[in-house]
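Worksheet for the structure shown next.
Computed from a prediction, not measured in an experiment: that's the story for all the values here.
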Amino acid sequence: MMNKRTPLQSVILYTLVLALVIFCVFPFLQILSTSLKHPIDWGNPSLIPRILHLDAYKELLGLMPAKEIDVPASIQRLLDNPALSAEKKQMLLAKFSSGGDVFPFGRYMLNTFVISFITGICSTFLASLAAYAIARLRFPAQSLMANGVLFVYMVGGVLLMVPLYQMSVNVGLASSAGGTIFSLFLIYLIQTLPVAMYMLGNYFRTIPFSLEEAAMMDGCSRVEAFWRIIMPLSKPMLFTVFIYCFVIAWNEYLFASVFLKQYQDFHTLPLALQTLFTSKNAIWDRIMAASMLTLLPVIICFMLANRHLSGGLTDGGVKG
Amino acid sequence: MSSVILRNVNKSYGNLPIVKNLNLDVKDGEFVVLVGPSGCGKSTTLRMVAGLEDITQGDIQIGNKTINDLPPHKRNIAMVFQNYALYPHMSVRENIVFGLKKSGADADTIKNKLADVSEMLKLNEYLDRKPADLSGGQRQRVAMGRALARDADVYLFDEPLSNLDAKLRHHMRTEIARIQHQYNMTAIYVTHDQIEAMTLGDRVVVMRDGIVEQVGTPMDIYLQPTNTFVATFIGSPAMNLIEAKIEGEELVFDNYRLPATKIANVDMHSLRAHDSVLVGIRPDFFEDSTLSSPSDNLFEFNNIEVNLVENLGFDKEILFKLGGEDAKARLDLRSHVKRQEHISLSVDLNRVLLFDTSTQGMLLNAGEV
Amino acid sequence: MSSVLIKNESRLGLKLVAPAVGIIGLLVIYPILFNLYLSFFDVQLNGNKTFVGLDNYTQLLGNPRYYHSVGVSVIYLIGTVIGTTVLGLAAAILMNQTFRFRNLARGLILLPYFAPVISVVFGWQFIFDPVNGIYNHVVVDVLNLTNERENLIGNPDSALFVVILFDIWKHFPIAYLLFLAKLQSVPKDLYEAAAIDGQNPWGRFWHVTLPELKFVIATVVLLRVIWNLNRFEDVYLLAPNVETLPIFTYYQAFAGIVDQGAAAAISVIQLLVLVGLIWLYVRKVLKW
């Protein structure tokens, strides 16, 4: 038996744990606190806002009542002119209302969600096929592929940004919004495929071979054994890998910035937040609220997948 | 049900031979047990029949059809695995009917089979549980049930009882024997446990290093082992083997002179060609001389010093020296020998076997070679 | 011969890997080669190329900014690798003790790793903000260490250290997870045997824990070097003025006077270093 701790040891232990947890959590608390603070309160070092100030969230989520539009008198006279068509009037008005201050957070979130979701699904699916083959089937170049995955997994995106950009320019994908988004999707696919293959491959290796053999004895072909036994059995791990890929795509900044710069409507959250921060509208409460809202889905995913994630990551060699 | 025929079957991994030129006929409805120490190729042979390993050379036929190139799922074989291989995400019920459903059986057949099997294996109350919620013995029964529910041509068993404790193993052994007779199924059963082999098999195949050492009924193998390996592998405790000099018509070791002429089936002519011979006596064939009824063919080892007595209840095993080697005898409870006593043991010479010292093969009389 | 079964299996295997391998081949392997090709050209953003031979390389090797960024990368690597390893190990040892709320604590310390970089960098910038940040408040107003509020992130030299601290904060959890997994697999009787042999806790750590962790430590160090050599977002988003190699490459390729050929050349050199490290990892660490 290990010795029981003395009171002093307990105090030291709890102090260290507390210090570590505070170190990890403090920046999050800072973000949350600032997002809820009124501008006059920013200089206040306390984490608790003097007044709870939810405007930043309301604004980002489009819950603010539409502002009274300040229209110069000359324009107002134009608008009052009955000769002008209703359409023209709308356009004129729009010019004033969209004057820089609006940040379509919902739209960016949707963009990010869509591309991350599709990336997660495609990557998990393709990776499960390949990982199964590499983990379980004998075929030529199998070990080369198993090692190749490891290698590819470690070649970071930075090294590929020039050739990938040039490739998409050369095939003409970079010249349209659709093509750009497709390029970005493909890039997210390769950023997630190797890690997904690695995690799933290691997981499949832990499933006893005899399960597939039993399925084959029960009349399943190899493919049926995979679909009807291995895949249903791996659901929790597949979900974990999906979440992992989803989060990688959700967090990605580098390629989004290279490819989407000129297509503002299709910006993803990381790109949008960076633009928000560097724009003249940089207001701490808004940035922090936007940070919180970007963080939230990731935290939810994390809580959903936590049970399997830690194990999967350590088995999988670990990216990060 | 179908017969299974293996013709000149070879299996090697690279240059490493695992199974060497194996020939075996399993008749329709026959229960054949492959037995041998680990690494002898018995499981590999079974897996080749199943199609889980490819055949390096030779042919395997099921029901007179060569199935070498047939993928496992088309061979109509049911198999019970050593680790049971139950589908962890399915209930017991789903596990049992999975193969039936796959083969396209109709709902009534599935229902009846499930009822049959769960009745026979006493699985009724567990049908809705997941394998993780079952004990080892229950899992084993589900694995059996999954195979039995199938209407397969051949049933394969890969050490199905080796993960059970002794008591449960004995119980399931009896169950398997009962079920096999009831269904009259063609079965190939792999085990390293010679008791399972003896009790279950219509015929037993003893293997070593990828080679079949002997095929025969359990009693053939027990009474007429073809060589010292089979002789010592089958039977517990193992057969005593004592090297004896041949002097005229007598086999000599220690102070004992066994009359060779009285040993069954021995051809004196061929025996004279040897200087020495291995005398094989099963521990079971010794008797306490004070209890044995006098007979013409009895040989008495007198002045044996008992080194150890192990009481097993009905039996007791005693340890002593014979020909300079440790030897064992199994006596029944009527005998009251004690440690360090000097006793006499007698043996029916008809039960004594002789083996060639160099080839380790059994010495038979000329007529039987 | 029954090669039919083997043939079927390998055909299925190839079919299943084909899509993933195809995509990886097209979008990783080909680009690596294409990158090598581009490094011999003057490349414009719109795709126009002129062959310049080894010019990109000679210019690069004569560019003090390149050596500066190599230096920054080296400091960054040393700081982050030591920091994440030490903190990860300490956290693993701490979290391997039994105490109340341990599961909660274990979950919380993973948060930095999973949080998107973009959603935490602003929090960090706020902490070090010269006007509102808590750092300046503590250093200047509470501890009175200096009189002037400093813009730590604004100055590239001090920003490097903020970036290193940020990286340690963000990535020590992964080292922690690897260490914890190993610690949990150390058999308890080893500690008990050491305790019976009269080892105090420090001796038990030194003679039992560390030898068990040797390989994991090597894994963590090497993986940290490999990942951090390529690290872009954490540095760029927190402090774009800290010019590690990836940031320098990015500026060459997409900002100011665009020189994608030069960027390609930097990537080629960096890839060679990386391949060496990965080789080391596969040969020396994975084989253990």
Contact origin within [X] toward chain A - heavy atom pairs under 4.5 Å:
{"X": "Leu274(C)", "answer": "side chain"}
{"X": "Gln44(C)", "answer": "backbone"}
{"X": "Gln260(C)", "answer": "both"}
{"X": "Leu245(C)", "answer": "neither"}
{"X": "Val28(C)", "answer": "both"}
{"X": "Glu9(C)", "answer": "both"}
{"X": "Tyr30(C)", "answer": "side chain"}
{"X": "Lys49(C)", "answer": "side chain"}
{"X": "Arg106(C)", "answer": "neither"}
{"X": "Phe254(C)", "answer": "side chain"}
{"X": "Asp129(C)", "answer": "side chain"}
{"X": "Ile29(C)", "answer": "side chain"}
{"X": "Tyr250(C)", "answer": "both"}
{"X": "Leu38(C)", "answer": "side chain"}

Proximal component of [X], with respect to chain C [non-hydrogen, under 4.5 Å]:
{"X": "Gln142(A)", "value": "neither"}
{"X": "Leu186(A)", "value": "both"}
{"X": "Leu189(A)", "value": "side chain"}
{"X": "Met154(A)", "value": "both"}
{"X": "Met292(A)", "value": "neither"}
{"X": "Ile299(A)", "value": "side chain"}
{"X": "Tyr165(A)", "value": "side chain"}
{"X": "Thr294(A)", "value": "both"}
{"X": "Val169(A)", "value": "side chain"}
{"X": "Met288(A)", "value": "side chain"}
{"X": "Gln30(A)", "value": "side chain"}
{"X": "Val247(A)", "value": "side chain"}

Aromatic rings [X] and [Y]: how do their planes relate, parallel, tilted or perpendicular, breaks at 30° and 60°?
{"X": "Phe232(C)", "Y": "Tyr253(A)", "result": "parallel"}
{"X": "Phe23(A)", "Y": "Phe172(C)", "result": "tilted"}
{"X": "Trp169(C)", "Y": "Phe28(A)", "result": "tilted"}

Contact between [X] and [Y] at the side-chain level, heavy atoms closer than 4.5 Å - yes or no?
{"X": "Leu160(A)", "Y": "Asn35(C)", "value": "no"}
{"X": "Cys24(A)", "Y": "Ile109(C)", "value": "yes"}
{"X": "Phe139(A)", "Y": "Val17(C)", "value": "yes"}

For a quick test of reading the model, state the closest non-hydrogen atom pair linking Leu16(C) to Ala133(A) and the distance between them. CB-CB, 3.8 Å
To the nearest 0.5 Å, what is the distance between CG (Leu159(A)) and CG (Leu229(C))?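 So the gap between those two atoms works out to 7.5 Å.
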Spacing of Leu12(C) atom CG and Leu129(A) atom CG [to the nearest 0.5 Å]: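 It is 9.5 Å, given to the nearest 0.5 Å.
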Considering only heavy atoms and a distance below 4.5 Å, find which of [options] pairs most often with chain A.
{"options": "Thr249(C), Leu271(C), Leu237(C)", "value": "Leu237(C)"}
{"options": "Trp279(C), Phe34(C), Trp124(C)", "value": "Phe34(C)"}
{"options": "Ala253(C), Gly133(C), Gly123(C)", "value": "Gly123(C)"}

Taking Leu254(A)'s backbone N and O only, do any of them form a donor-acceptor pair with Glu233(C)'s side chain (distance below 3.5 Å, no angle check)? yes
Establish, yes or no, whether a centroid distance under 6.0 Å links the rings of Tyr153(A) and Trp227(C). yes
